Amino acid sequence: ENSGHVPVVTTKFRVSAGRDTTACSLSWIVFEILRYPIHLERIREELAELESVEIPYDKLTQNNCLPYLHAVISETLRLNPSLPKQVKFAVNRDVLPGK
C-alpha cells in the first residue's frame with residue numbers, strides 16, 4: 001500500500017561533521033535518496049538481484065555491476081560537489097607590490 005507519504009527512516013547511520021569529503025558526499029547521497037524515494041526503491045531492487053549471486057569483490061567495484069547505484073552516486077556528486085567552491089575576490093582596490 002502506497003499512501004504517497006515518505007516513510008520515516010530510523011537508522012544508526014552517522015556522519016561526522018566538518019569538511020571531510022566522504023562525510024559530505026554520503027550526507028548528500030542520503031539526502032537525495034530520501035528526497036526521491038523512487039530511486040531508493042530502484043537501488044533496493046538492484047541490490048536484491050545481487051543477493052542470490054556470488055560476485056567477487058573486484059567485480060563489485062566495476063561500474064557495470066550496479067549501474068543504477070553508480071548513476072545515483074555520480075549524479076549526486078555532480079549536483080553537490082564535496083569540495084566547497086571558494087571564490088576569492090578583492091573587497092577593495094589594491095596595488096600589487098613592484099608596480
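Computation of the quantities below employed the complete heavy-atom set of this structure, encompassing side-chain atoms and omitting hydrogens, waters and symmetry-equivalent molecules. Numbers here are sequence positions counted from 1. What you see is a predicted model, and the numbers here were worked out from it, not measured in a lab.
- Atom-to-atom distance recorded for Asn80:CG and Cys24:SG is 8.0 Å, nearest 0.5 angstrom.
- Tyr68 pairs by the side-chain hydrogen bond (donor to acceptor under 3.5 Å, both in side chains) definition with His39, not counting sequence neighbours.
- The environment of CD1 in Ile38 is sparse: at most 12 heavy-atom neighbours from other residues, nucleotides or ligands sit within 6.0 Å.
- Every residue two or more places apart in sequence or in another chain that forms a side-chain hydrogen bond (donor to acceptor under 3.5 Å, both in side chains) with Glu41 is listed here: Arg44.
- Other residues sharing a hydrophobic cluster with Phe31 under the 4.5 Å side-chain heavy-atom criterion for ILVMFWY residues are Trp28.
- Put simply, the side chain of Ser25 does not reach to within 4.5 Å of the side chain of Thr76, judged on heavy atoms.
- With sequence neighbours left out, Leu50 forms a side chain to side chain contact (heavy atoms under 4.5 Å, CB included) with Ile55, Leu60, Cys65, Leu66.
- Listed by chain and number, the residues in a side-chain hydrogen bond (donor to acceptor under 3.5 Å, both in side chains) with Arg78 are Glu75 (sequence neighbours excluded).
- Applying the side-chain hydrogen bond (donor to acceptor under 3.5 Å, both in side chains) criterion to Arg42, with sequence neighbours excluded, gives no partner residue.
- Remark: Glu32 CD to Arg35 CZ distance equals 5.0 Å, nearest 0.5 Å.
- Checked against side chain to side chain contact (heavy atoms under 4.5 Å, CB included), Ile33 has the following partners two or more places apart in sequence or in another chain: Ile29, Leu40, Ile43, Val72.
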